[in-house]
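Inspection log for the structure reproduced underneath, given as structure tokens.
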2 protein chains.
Amino acid sequence: MKNRLKVLRAEHNYTQAKLAELLDVSRQTINAIEKGKFDPSLPLAFKAARLFNLSIEEIFQDE
Amino acid sequence: MKNRLKVLRAEHNYTQAKLAELLDVSRQTINAIEKGKFDPSLPLAFKAARLFNLSIEEIFQDE
DNA sequence: AATTTTTGTAAAGTTTATTTGACTTTTTGT
DNA sequence: ACAAAAAGTCAAATAAACTTTACAAAAATT
């Protein structure tokens, strides 16, 4: 599962720590997801989508 | 997290067992998700979306 | 060049998703 | 009414997501 979190972070000038705080998870969770170590839970994917005003599919790509 | 799985199943005449088979999970997982016992993983949500030709947001609603 | 910030990583622990097996209750078909 | 099929549920086990703490590497700032 790929994702555009790193790019979205860059666009918004967010550090991993800041994004983690906004999504209410640990910084390591953001890092792990960006690095593809595991997929976010569905609730977390929803939170990210809401934060960036995008659909889940626009942030996370199955494959 | 609410979802429309039960309705979508009805529309497609799928039993929980059939849907489970199509999504490659156990029947109990489908039942538990329908009954709100837990949320599906993001990969499973994607699979369901693909199966029904809908977006994740059209099947699963946050809150 | 030195310091601070950010990112990467790892181990150990907790929580949540999912499995299998078994059993009960409800719904559907005859 | 009866049988069969589908749905609901529970317990015990495994896997995956996520936490905290801690430290090292890389990037940015001064």
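Throughout, protein chains are lettered first and strands after them, A, B, ... in sequence-line order, and every chain is numbered starting at 1.
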Between CG of Leu44(B) and P of dA17(D) the distance, given in whole Å, is 12 Å
Candidates dT18(C), dT20(D), dT19(C) - which lies nearest the side chain of Ser41(B)
dT18(C)
Roughly how many Å is it from CG in Leu19(A) to P in dG8(C), rounded to a whole number?
13 Å
Among dG8(C), dA17(D), dC18(D), which nucleotide has an atom closest to any side-chain atom of Gln16(A)?
dG8(C)
Calculate, to the nearest 0.5 Å, the distance between atoms CG and CZ belonging to Leu42(B) and Phe46(A) respectively.
9.5 Å
Between Lys37(B) and Gln28(B), the residue closer to the 5' end of DNA chain C by nearest nucleotide is Lys37(B)
More 5' along DNA chain C: Arg27(B) or Phe38(B), using each one's nearest nucleotide?
Phe38(B)
dT30(C): pairing nucleotide in any strand, Watson-Crick or G-U under 3.5 angstrom:
dA1(D)
Quick one: on DNA chain D, does Tyr14(B) or Pro43(B) contact a more 5' nucleotide (nearest heavy atom)?
Tyr14(B)
Counting any heavy atom closer than 4.0 Å, what does Thr29(A) reach on the DNA or RNA strands: base, sugar-phosphate only, or nothing?
base
Quick note, Lys35(A) side chain, CB onward, closest among dG8(C), dT20(D), dA17(D) is dG8(C)
Whole angstrom is fine here: how far is it from CD1 in Ile30(B) over to P in dT19(C)?
8 Å
Calculate the interatomic distance between Lys6(B) atom NZ and dG8(D) atom C1'; express it in whole Å.
10 Å
Just how far is it from atom CG of Asn31(B) to atom NZ of Lys37(B), taken to the nearest 0.5 Å?
7.0 Å
Quickly work out the His12(A) NE2 to dT6(C) C1' distance and round it to whole Å.
19 Å
In whole angstrom, give the distance that lies between atom CD of Glu34(B) and atom C1' of dT26(C).
15 Å
side-chain contact (heavy atoms from CB on, under 4.5 Å) for Lys18(A) and His12(A)? Distances and angles first, verdict last.
CA-CA 10 Å; Lys18(A) 182 61 184 175; His12(A) 290 74; over 6 Å; no
What is the distance, rounded to the nearest whole Å, between atom CG of Asn3(B) and atom P of dA17(C)?
13 Å
Taking the side chain as every heavy atom from C-beta outward, state whether Leu19(A) and Phe52(A) have any atom pair closer than 4.5 Å.
yes
By nearest atom, which of the nucleotides dG8(D), dT7(C), dA17(C) is closest to the Asn31(A) side chain?
dT7(C)
pair Leu51(A)-Leu8(A): side-chain heavy atoms closer than 4.5 Å
no
Lys18(B) NZ - dA7(D) C1' separation (whole Å):
18 Å
For Thr15(B), answer base if it contacts any base atom (sugar-phosphate contacts may also be present), sugar-phosphate if it contacts only those atoms, and nothing otherwise; contact means non-hydrogen atoms under 4.0 Å.
sugar-phosphate
